[in-house]
There are 2 protein chains.
Amino acid sequence: MATEDVPLPPWRKSRKPAQLRRQLSQDLIVEAGLRILDAEGLDALSMRRVAQEFDTGPASLYAHVANKEELLELVYDRVLSEIRLPERDPGRWKEQLREYMVEVHRVLAKHADLARVALANIPTGENSVRMGEFVFGLLIEAGMSPRDAALSMDRISLYVVSDAYEGSVHFTRMRAAGLSDPQEYFESFVGQIAGYYRALPAARFPHITKFVDALIADDGEERFQYGLELLLDGIEARMPRTP
Amino acid sequence: MATEDVPLPPWRKSRKPAQLRRQLSQDLIVEAGLRILDAEGLDALSMRRVAQEFDTGPASLYAHVANKEELLELVYDRVLSEIRLPERDPGRWKEQLREYMVEVHRVLAKHADLARVALANIPTGENSVRMGEFVFGLLIEAGMSPRDAALSMDRISLYVVSDAYEGSVHFTRMRAAGLSDPQEYFESFVGQIAGYYRALPAARFPHITKFVDALIADDGEERFQYGLELLLDGIEARMPRTP
DNA sequence: ACCTGAACACCGTTCAAGT
DNA sequence: ACCTGAACACCGTTCAAGT
């Protein structure tokens, strides 16, 4: 993959001389991991698959990363580095917070089911603290108490990451089903859910069966927005008055 | 594990006659899976490990469950069956919703990292719809529009499950570290975080470094409660006036 | 219909041996 | 210091053969 070798004639035992060993590095490994993640998903991102990218075995990676967990955290932080943060403007804290959440969500959604890494690992990489300083600082400067700001920041992060992960579950299922058109997948999935709801016994499930249309009306993006506004309104209620 | 056999003398080839084959069933398999989950965590819950519980190989399970995913969903629904729901009282919708969220969170937290199954699978088992009918019906009866009720229910579920999962990540780490006292783990973990924050350059991270105490003040339970109230307040703001 | 052993195509990590 | 092949201890699932 790395260097395009001329293939050896089949009767020659293809033994690479030791001098041609690949020159690995942590950065190269992380980039390869990210490529695999984007193209094939998190489940395909194995140590063996990454090593394959350098025509070698998985043992070669352990000189540059401690283990798979560290590799995933490095890939995660690499992706977070794509997030650009504006200058803080506390007077517009609500708009800025909304924009921030949408931006983080967008970047995570771009990279398959990477959000699962964040959920499973409580990341503390460079970019995580950079983002933490932005949100925490914004809330503090807008007048919130440090305790409320810390708690709000924490809940905001959980919400964005968990919703991004939920979205990626659908994406992964779509890929597993061999579909490539999100629209097509979405309609067939929603159709199945609707059919299931309609088939439920109305006596035991009166509200679900009565309002199936409302239950399937909103897609992932609208659901994300709704929860986002719920949280923002809750946070606003805890913000000191600024009339 | 299942039947307490008298051990064979070592010189006897211990070959079970075919008539003594285990009598498997889906229920027995699900119960065994739940036992393993509770005792050793979700990562230990493999088809091979479940089969071991019946002194057989993993292939034997496939007559009763389609695959591992189905087994996990069955275990998940089995756990949800522990949740008791009260009579709906729309006048107390906020209290009832709070109690519901706390109850679901409590049951999930009891069963290791099972919440991961919910997050990865969009469950549609019997108990999921039972819970859905409760929450959706409560919001409808309290006067909410079907659309808002559907969206609110969806966000509530995501919040409870994702927070339960986040909590279980700590629990799993505690077990991996060989600790058994949550207090001990919590203090060492929080101590590490605090040390990391304090060591950050104050020029780039002025707010984090200044308010370390506030950032580490609240534990998982308090963070869960805080987000819960954020959501409830947001939902209340979308509820028609009832003065 | 249900159960089984063996096999297939994978995993992450370790270790001794190479350069 | 960095890279490697081989091995270890695992996975989920399939399949032909048994009862």
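Every chain is numbered from 1, with letters handed out A, B, ... down the list of sequences.
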Trainee: Would you mind reading off the distance between A:Gln26 atom CD and D:dC2 atom C1', rounded to a whole angstrom?
Mentor: 14 Å
Trainee: With P as the reference atom in both, quote the distance from D:dA9 to C:dA9 in angstrom, rounded to an integer.
Mentor: 23 Å
Trainee: What's the closest nucleotide to the side chain of A:Ala59 if the choices are C:dT14, C:dT4, C:dT13?
Mentor: C:dT14
Trainee: Would you kindly give the OH-to-C1' distance between A:Tyr62 and C:dA16, to the nearest whole Å?
Mentor: 17 Å
Trainee: In whole angstroms, how far is the C1' atom of C:dC2 from the CG atom of B:Leu24?
Mentor: 9 Å
Trainee: Using whole Å, report how far CZ of B:Arg49 lies from P of D:dG12.
Mentor: 12 Å
Trainee: Touch check for B:Ser46, heavy atoms < 4.0 angstrom, all strands: base, sugar-phosphate only, or nothing?
Mentor: sugar-phosphate
Trainee: For DNA chain C, whose closest nucleotide is more 5', that of B:Gly57 or that of A:Ala44?
Mentor: B:Gly57
Trainee: Is B:Arg155 salt-bridged to A:Glu222, cutoff N-O under 4.0 Å?
Mentor: no
Trainee: Hey, are A:Glu53 and A:Arg49 close enough for a salt bridge, meaning a charged N less than 4.0 Å from a carboxylate O?
Mentor: yes
Trainee: Between C:dC2, C:dG12, C:dT13, which nucleotide gets closest to the side-chain atoms of B:His64?
Mentor: C:dC2
Trainee: So what's C:dC15 paired with, Watson-Crick or G-U wobble, going by both distances under 3.5 Å?
Mentor: D:dG5
Trainee: With no hydrogens and no angle check, just 3.5 Å: does a side-chain donor-acceptor pair link A:Gln26 and A:His64?
Mentor: no
Trainee: Side chains of A:Asn127 and A:Ile83: closer than 4.5 Å at any heavy-atom pair?
Mentor: no
Trainee: Over how many whole Å does the gap from B:Arg48 atom CZ to D:dT13 atom P extend?
Mentor: 11 Å
Trainee: Roughly how many Å is it from CD in B:Gln23 to C1' in C:dC2, rounded to a whole number?
Mentor: 8 Å
Trainee: Which listed nucleotide (C:dG12, D:dT4, C:dC3) is nearest to the side chain of A:Met47?
Mentor: C:dG12
Trainee: Could you pick out which residue, A:Ala66 or B:Ala63, lies toward the 5' side of DNA chain C when each is mapped onto its nearest nucleotide?
Mentor: B:Ala63
Trainee: Ignoring the backbone of B:Pro58, work out which of C:dT4, D:dT13, C:dG12 is nearest its side chain.
Mentor: D:dT13
Trainee: Could you tell me which nucleotide pairs with C:dC10 by Watson-Crick or G-U wobble geometry, both distances under 3.5 Å, or answer none if nothing does?
Mentor: none
Trainee: What is the separation between atom CD on B:Glu70 and atom C1' on D:dG12, rounded to the nearest whole Å?
Mentor: 15 Å
Trainee: Donor-acceptor pair, B:Glu133 side chain versus A:His207 backbone, under 3.5 Å?
Mentor: yes
Trainee: When the distance from CD of A:Gln52 to C1' of C:dC10 is rounded to whole Å, what number comes out?
Mentor: 12 Å
Trainee: So what does B:Thr56 touch, heavy atoms closer than 4.0 Å: a base, only the sugar-phosphate, or nothing?
Mentor: sugar-phosphate
